[in-house]
Amino acid sequence: MDKAEGKPAAKTGAGLEGVVAAESSIGDVDGVNGVLIYQGLDIHDLAEHSTFEETVFLLWHGRLPGRAELDGLRAELAANQQLPAEVSELMRRFPAGAEPMDALRTAVSALAFYDAGSRDLSREGALRTATKLTARLPVVVATFERLRNGKEPVEPRPDLNIASNFLHMLSGEEPSERVARIFDVCLILHADHELNASTFTSRVIAGTLADMYGAVTGAIAALSGPLHGGANTNVMKMLLEIGEPERAEAWLREALASKKKVMGFGHRVYKTEDPRSVWLRKFSRELGEARGETRWIEILERLRELMFAEKKLYPNVDYYSGSAYYLMGIPLDLFTPIFAVSRISGWTGHILEQYANNRLIRPRAEYVGPRGVPYVPIEER
Ligand code: ACO
């Protein structure tokens with residue numbers, strides 16, 4: 001930027017590709033070597049050893065918690081799960097046919113009405129809001145799922161972690177230990193991903209010193225798009241359409257011939273395998289084998305080989321997650337809301353960071369329209 005004249009000094013690639021738009025210590029993506037870190041810790045170590053709650057603490061505080069700190073965060077999350085009665089009532093009036101991401105976006109925006117501290121952007125105030133949002137997003141998603149099916153919501157259980165509680169609130173049954181752990185790792189894997197489209201959105205909104213509910217509402221809208229978090233649902237729809245592994249090749253060749261984007265492939269940053277997909281592939285296979293339903297992973301693996309051979313494209317995080325959730329019995333249109341249930345930790349981490357060292361985010365556009373156009377009165381047009 002030529003500051004003196006206030007004009008853009010350098011033109012950027014379409015879609016801000018390659019632009020570094022913020023300094024952050026929350027997470028980093030090394031797209032060449034396929035490495036993802038949260039606050040310096042490798043995603044593989046976290047997936048192996050950590051829990052979602054511990055990851056939330058890490059993203060907000062920049063280090064792993066001690067035992068008392070982790071217990072403290074768990075207790076605060078459990079104490080903040082209940083939705084305000086007004087929001088539960090409002091949700092009863094949502095159309096049963098609403099998109100779950102739209103329901104989530106609307107409910108999160110409404111939550112601000114009933115939080116007297118929503119405008120407190122101090123570190124302590126913003127942390128309180130972050131805790132409420134992280135505790136309540138799973139309850140909102142599960143409540144909507146129950147209500148749209150004509151069922152009463154299942155009360156959240158303060159003794160369960162976020163992963164088990166969410167699955168329990170969906171079905172009314174506590175998940176097996178293994179399924180709960182797989183789901184917990186899925187939440188860890190989706191928690192943060194640097195300046196992805198929804199996180200960037202949340203930082204732009206927070207950068208105006210708007211409240212955290214507003215920033216998260218905008219982030220949910222950004223995540224819902226099929227080029228971002230919406231891809232996981234579309235991958236499962238694709239698998240259902242293909243149906244059998246033998247049909248995968250013909251389906252893909254036709255899709256590529258008609259220049260369709262194949263959901264779950266490609267990434268703005270990764271030019272190699274997304275490290276998260278290593279875990280999600282494993283879970284998809286394990287759950288498929290446990291249920292005697294391996295055709296989804298077989299189709300996925302066939303498509304993966306073909307896409308690499310044809311387009312040199314790798315699967316992204318959305319490629320395997322859908323089939324894993326499907327095998328857990330979760331409805332397709334909840335896959336993206338589940339992404340939000342996890343990513344709330346990264347969004348709020350970034351919003352906390354933005355508030356702590358804020359400068360309004362206001363880039364320039366390169367004007368390519370005409371200038372000096374005369375105003376013609378309406379009668380003469
Ligand atoms: N299927 C087929 N071709 C693809 C795909 C795909 N999934 N992804 C990229 N390509 C091709 C493009 O057609 C383009 O080819 P060209 O240069 O011959 O025109 C080239 O690869 C570059 O693709 P762009 O769309 O320009 O890459 P961009 O960085 O803008 O987009 C994106 C990245 C949006 C993820 C893209 O790969 C895509 O649309 N993928 C499918 C949707 C998806 O899976 N989204 C989830 C992403 S992960 C996440 O947000 C959680």
Side-chain angles (χ1 to χ4, degrees), residues 12-21 27 29-32 34 36 38 43 101 104 186-203 218-239 241-242 248-249 251-281 284 299-300 302-325 332-347 350:
T12 60
L16 296 183
E17 180 162 8
V19 172
V20 175
V29 182
D30 175 345
V32 175
L36 170 62
Y38 297 167
I43 191 72
M101 283 300 275
L104 179 63
C186 289
L187 295 183
I188 295 171
L189 296 172
H190 289 82
D192 186 60
H193 210 236
E194 201 220 68
L195 271 200
N196 58 89
S198 55
T199 302
F200 183 56
T201 304
S202 76
R203 286 192 81 131
I220 292 170
L223 185 70
S224 69
L227 295 189
H228 190 10
N232 55 12
T233 300
N234 288 324
V235 171
M236 195 62 225
K237 283 186 186 158
M238 170 182 82
L239 296 183
E241 190 187 319
I242 296 172
E249 182 162 356
W251 186 94
L252 186 77
R253 293 205 184 284
E254 201 186 313
L256 292 180
S258 55
K259 303 257 177 261
K260 262 196 212 153
K261 279 229 169 140
V262 186
M263 291 292 121
F265 284 99
H267 198 273
R268 177 61 66 78
V269 184
Y270 289 116
K271 301 303 165 209
T272 181
E273 183 158 56
D274 179 332
R276 302 167 295 180
S277 65
V278 176
W279 290 88
L280 295 164
R281 176 164 58 236
S284 178
I299 298 173
L300 286 163
R302 191 77 196 102
L303 292 178
R304 178 166 73 112
E305 287 161 18
L306 289 164
M307 271 302 264
F308 188 75
E310 293 294 321
K311 304 275 293 181
K312 297 282 172 289
L313 285 173
Y314 293 90
N316 58 50
V317 70
D318 283 335
Y319 189 62
Y320 295 103
S321 60
S323 56
Y325 300 148
L332 266 64
D333 58 3
L334 293 193
F335 299 173
T336 314
I338 288 171
F339 200 145
V341 163
S342 162
R343 185 56 59 86
I344 185 65
S345 56
W347 290 333
H350 277 268

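Positions are given from 1 along the sequence. One-based numbering, in listed order, for ligands and for the atoms of each.
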Quiz item: Which protein residues have a heavy atom closer than 4.0 Å to any atom of ligand 1, listed by chain and number?
Solution: Pro226, Leu227, His228, Ala231, Lys260, Lys261, Val262, Met263, Gly264, Phe265, Gly266, His267, Arg268, Met307, Lys311, Leu313, Asn316, Val317, Asp318, Phe339
Practice problem: Spell out, as yes or no, whether a donor-acceptor pair under 3.5 Å connects the side chain of Thr233 to the backbone of Leu332. | Solution: yes
Quiz item: Got Trp251 and Glu241 here, is their nearest side-chain heavy-atom distance under 4.5 Å?
Solution: yes
Self-check item: Ser284 side chain vs Leu280 backbone, donor-acceptor pair below 3.5 Å
Solution: no
Quiz item: Is the side chain of Tyr38 donor-acceptor paired with the backbone N or O of Asp192 at a distance under 3.5 Å, no angle test?
Solution: yes
Exercise. Flag the pair Ser321 / Phe335 as yes when at least one side-chain heavy-atom distance between them is below 4.5 Å, and no otherwise.
Key: no
Quiz item: Quick one: does Tyr320's side chain get under 4.5 Å of Arg304's, heavy atoms only?
Solution: yes
